[in-house]
A.B. asks: 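Mind looking over this structure? Questions follow.
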Amino acid sequence: MLVRFSLGMQQSGGPESAQIQLLPKVGEFLSLTMSLIFAFGIAFQLPVILTLLGRIGILTSKQLREKRRYFIVVAFIIAAVLTRPMS
């Protein structure tokens, strides 16, 4: 889907518009693909991990409710640190 989206963003040049062409590098493409797979893997495993922690008594739903604001802030901080700037 990512490749189809990227290819769909190409545009042929005309007299008043610039040509936009996808020129992927294999290393950059593989890096992006692996990062996305890793991120989605962690995101989809989080409910399983929280359920297991609840079953063994480390976490309770009350603790999760009380600390929700902090978890959201931490999630934004982690996202900001892991998101690399485009160069």
A.B. asks: Linking I/L/V/M/F/W/Y whenever any side-chain heavy atoms sit under 4.5 Å apart, do Phe44 and Leu36 land together?
C.D. replies: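 The answer is yes; both residues are in one hydrophobic cluster.
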
A.B. asks: Measure the CD1-CD1 distance between Ile42 and Ile78 for me, rounded to the nearest 0.5 Å.
C.D. replies: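 Spacing of CD1 (Ile42) from CD1 (Ile78) equals 9.5 Å.
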
A.B. asks: Just by modelled atom types, is the Thr60 backbone N or O under 3.5 Å from a matching donor or acceptor in the Gln63 side chain?
C.D. replies: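 Present.
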
A.B. asks: When Ile, Leu, Val, Met, Phe, Trp and Tyr are grouped by side-chain heavy atoms lying under 4.5 Å apart, directly or through other members, which residues fall in the same group as Val48?
C.D. replies: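 Members other than Val48 - counting any ILVMFWY side chain reachable under 4.5 Å - are Leu52.
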
A.B. asks: Is there a donor-acceptor pair under 3.5 Å between the side chain of Ser31 and the backbone N or O of Gly27?
C.D. replies: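 Not a single qualifying donor-acceptor pair exists.
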
A.B. asks: Can you list, by chain and residue number, the hydrophobic cluster partners of Leu53 when the side-chain cut-off is 4.5 Å?
C.D. replies: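 Result for Leu53 is Leu46, Ile49, Leu50, Ile56, Ile58, Leu59, Leu64, Phe71.
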
A.B. asks: Could you grab the distance from atom OG1 of Thr51 to atom CD of Gln45, nearest 0.5 Å is fine?
C.D. replies: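 If I round to the nearest 0.5 Å, the distance is 10.5 Å.
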
A.B. asks: Only counting residues at least two apart or in another chain, list the ones meeting salt bridge (charged side-chain N to carboxylate O under 4.0 Å, His left out) with Lys62.
C.D. replies: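 Counting only residues at least two positions away or on another chain, Lys62 forms a salt bridge (charged side-chain N to carboxylate O under 4.0 Å, His left out) with Glu66.
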
A.B. asks: Can you measure from CD1 (Ile72) to CD1 (Ile77) and round to the nearest 0.5 angstrom?
C.D. replies: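 Those atoms lie 12.0 Å apart.
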
